[in-house]
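Remarks on the structure that follows.
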Protein chains: 2
Amino acid sequence: MTNGKMNSRQKILAAAAELAGEVGPGHLSLDAVAQRAGVSKGGLLYNFPSKAKLLEALVEQHLSEFNAALEAKEKQWEGRPNSLGAAYLELFVTDLEQRQPPPSGLLAAMAEDPGFLTPIKRFNRTLLDRLKASSRNEANALILFLALEGMRSLRLFDIDVLSPVEQDAVIASLGATLEKGD
Amino acid sequence: MTNGKMNSRQKILAAAAELAGEVGPGHLSLDAVAQRAGVSKGGLLYNFPSKAKLLEALVEQHLSEFNAALEAKEKQWEGRPNSLGAAYLELFVTDLEQRQPPPSGLLAAMAEDPGFLTPIKRFNRTLLDRLKASSRNEANALILFLALEGMRSLRLFDIDVLSPVEQDAVIASLGATLEKGD
DNA sequence: TTTACTGTACCGTCTGGACGGTATTGTCAA
DNA sequence: TTGACAATACCGTCCAGACGGTACAGTAAA
């Protein structure tokens with residue numbers, strides 16, 4: 001489990017995500033990733049046989065990290081009504097507090113081929129279904145989902161226009177709707 | 001205004017947006033754009049001296065088209081409270097009905113350099129300010145903005161997960177909030 | 001004569017990826 | 001215990017092609 005391979009893969013993935021943010025999503029090159037990861041190009045291609053596989057892994061990693069964080073938050077709200085909605089909302093709050101850098105790896109994958117985002121589509125669909133199932137008011141579940149998706153995309157593009165005060169207002173308002181039992 | 005230059009420019013812009021959707025945002029090449037537009041490469045570079053200028057124009061075009069459409073809708077709702085919010089919402093409805101293709105040009109610009117999106121940031125900020133000003137409930141204005149932004153980004157990435165029924169529910173719910181005078 | 005191109009040739013650079021090595025560790029029969 | 005070989009995890013180099021951009025001569029309309 002804790003073999004050398006894991007380590008190299010992780011370093012490469014991290015380097016790729018980091019570089020994507022620096023050079024622009026469409027300018028991620030294998031050479032640069034290898035260099036940043038402290039690995040030769042041959043080594044990179046050993047771990048990821050093609051650029052496509054690397055980008056695919058970048059999307060997968062983002063998804064699994066997001067999912068893990070969401071499940072962790074959900075446990076904290078266990079039992080309460082609409083724990084998923086609360087967890088999803090809470091995840092955003094902590095993300096904002098911790099000033100997480102935007103997941104530029106996603107943009108790099110999309111620049112290469114939007115098809116790389118289909119796993120995200122699937123994930124979002126099941127997330128939305130679960131959100132609807134655990135809420136009494138369907139429209140509110142949809143709007144919660146969309147509003148957070150909106151914030152997410154604004155941050156992803158680095159064109160976030162909401163002030164911290166406004167962000168708090170949005171979160172408070174969505175949270176209030178949640179607590180009314182919807 | 002309707003001189004020959006405009007025509008070539010328009011053809012090039014249209015070809016670029018079209019191609020970006022076909023080959024992927026990060027694979028837009030000047031050669032291919034020129035060919036698609038029925039223009040020589042020299043001609044393309046005569047109209048847009050560099051790739052950066054072309055992408056810049058792509059973003060500008062999108063913005064001005066969006067703005068024009070929004071102003072047109074706003075006139076229809078003139079006088080009524082929160083006419084801007086209603087217009088913005090309505091714009092989405094007609095966009096959905098007409099099954100407008102996603103503006104892939106934006107993605108191509110972003111793939112090259114996210115900085116190309118700063119005009120959109122400015123636009124969004126003023127839009128949000130106006131939305132807040134014309135609404136009595138600030139939080140509702142923010143959520144309207146974000147929810148529509150969410151739908152927009154999902155469509156942009158072509159990972160829209162909402163069924164038509166769900167879309168209608170969202171629009172109806174946002175519209176109802178609007179009519180309550182918020 | 002100017003404007004708005006066309007057409008072609010070309011240059012320098014970057015990129016994905018193939019390929020042939022190599023060091024280390026593991027396996028296993030004699 | 002040892003010698004033969006195999007698998008793992010890389011390294012370093014090379015290359016064909018694509019790309020942005022330049023240069024320049026020609027042309028047809030206004």
Side-chain angles (χ1 to χ4, degrees), chain A residues 1-59 104-105 107-113 115-116, chain B residues 1-59 104-105 107-113 115-116:
Chain A
M1 280 268 165
T2 51
N3 53 8
K5 190 179 176 182
M6 257 270 182
N7 252 307
S8 264
R9 272 186 71 98
Q10 229 71 5
K11 277 198 294 183
I12 291 166
L13 251 12
E18 200 182 307
L19 263 174
E22 293 175 22
V23 300
H27 295 299
L28 191 66
S29 76
L30 297 186
D31 281 304
V33 172
Q35 206 173 344
R36 175 66 63 101
V39 157
S40 75
K41 193 171 177 186
L44 193 167
L45 285 164
Y46 175 78
N47 286 281
F48 301 97
S50 71
K51 195 181 187 182
K53 292 283 182 194
L54 171 60
L55 295 170
E56 210 180 294
L58 232 33
V59 174
S104 314
L107 291 183
M110 197 238 22
E112 191 74 15
D113 179 0
F116 282 125
Chain B
M1 280 264 169
T2 52
N3 53 8
K5 189 179 176 180
M6 259 269 180
N7 250 307
S8 262
R9 273 185 69 99
Q10 229 72 6
K11 277 197 293 182
I12 290 166
L13 252 11
E18 202 182 307
L19 263 175
E22 292 175 24
V23 300
H27 295 298
L28 193 66
S29 77
L30 298 184
D31 282 306
V33 171
Q35 206 173 343
R36 174 66 62 104
V39 156
S40 72
K41 191 176 177 182
L44 193 167
L45 287 163
Y46 177 79
N47 285 281
F48 302 98
S50 70
K51 194 182 188 180
K53 292 283 181 192
L54 171 60
L55 295 171
E56 211 179 292
L58 232 33
V59 174
S104 315
L107 292 183
M110 197 238 23
E112 191 74 15
D113 179 0
F116 282 125

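Computed from a predicted model, the values in this text were never measured in an experiment.
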Taking [atom1] from [X] and [atom2] from [N], how many angstroms apart are they, rounded to a whole number?
{"X": "Phe48(B)", "N": "dC5(C)", "atom1": "CZ", "atom2": "P", "result": "11 Å"}
{"X": "His27(B)", "N": "dT15(C)", "atom1": "NE2", "atom2": "P", "result": "13 Å"}
{"X": "Leu44(A)", "N": "dC11(D)", "atom1": "CG", "atom2": "P", "result": "10 Å"}
{"X": "Gln35(A)", "N": "dC11(D)", "atom1": "CD", "atom2": "P", "result": "12 Å"}
{"X": "Leu30(A)", "N": "dG16(C)", "atom1": "CG", "atom2": "P", "result": "4 Å"}
{"X": "Lys11(A)", "N": "dC11(D)", "atom1": "NZ", "atom2": "P", "result": "8 Å"}
{"X": "Leu28(A)", "N": "dC14(C)", "atom1": "CG", "atom2": "P", "result": "16 Å"}

Task: Minimum side-chain heavy-atom gap Lys41(B)-Gln35(B) below 4.5 Å - done: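 Lys41(B) does not reach Gln35(B) side chain to side chain.
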Open item on the list: For a 4.5 angstrom cut-off between non-hydrogen side-chain atoms, does Arg36(A) reach Lys11(A)?
Closed with: no
Proximal nucleotide (of [options]) relative to the [X] side chain:
{"X": "Lys51(B)", "options": "dG21(D), dT6(C), dG17(C)", "result": "dG21(D)"}
{"X": "Val39(B)", "options": "dG21(D), dT6(C), dG16(C)", "result": "dT6(C)"}
{"X": "Tyr46(B)", "options": "dA4(C), dG21(D), dT15(C)", "result": "dA4(C)"}
{"X": "Asn47(A)", "options": "dG16(C), dC10(D), dC19(D)", "result": "dC10(D)"}
{"X": "Ser29(A)", "options": "dT22(D), dC10(D), dT15(C)", "result": "dT15(C)"}

TODO: Could you pick out which residue, Gly38(A) or Asp31(A), lies toward the 5' side of DNA chain D when each is mapped onto its nearest nucleotide?
DONE: Gly38(A)
Task: Qualifying residue for side-chain contact (heavy atoms from CB on, under 4.5 Å) with Ile12(A), from Leu30(A), Leu44(A), Leu58(A) - done: Leu44(A)
Open item on the list: Heavy-atom count check: over 12 atoms from other residues, nucleotides or ligands less than 6.0 Å from Glu56(B) CD?
Closed with: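 Yes, because the 6.0 Å sphere around CD of Glu56(B) holds more than 12 heavy atoms from other groups.
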TODO: Could you check whether Leu54(A) gets within reach of a base, just the sugar-phosphate, or nothing at all, counting any heavy atom under 4.0 Å?
DONE: nothing
Open item on the list: What contact category does Leu45(A) fall into here, base, sugar-phosphate, or nothing, at under 4.0 angstrom with non-hydrogen atoms?
Closed with: base
- [ ] Give a yes/no on whether any side-chain N or O of Ser8(A) is located under 4.0 angstrom from OP1 or OP2 of dC10(D).
- [x] yes
TODO: Could you tell me whether the side chain of Lys41(A) has a donor or acceptor atom within less than 3.5 Å of a complementary atom in the base of dG16(C)?
DONE: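 Between dG16(C) and Lys41(A), which were checked side chain against base, a qualifying N/O pair under 3.5 Å is present.
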Open item on the list: For Leu54(B) versus Phe48(B), what's the shortest heavy-atom pair and its separation?
Closed with: CA-CD2, 3.8 Å
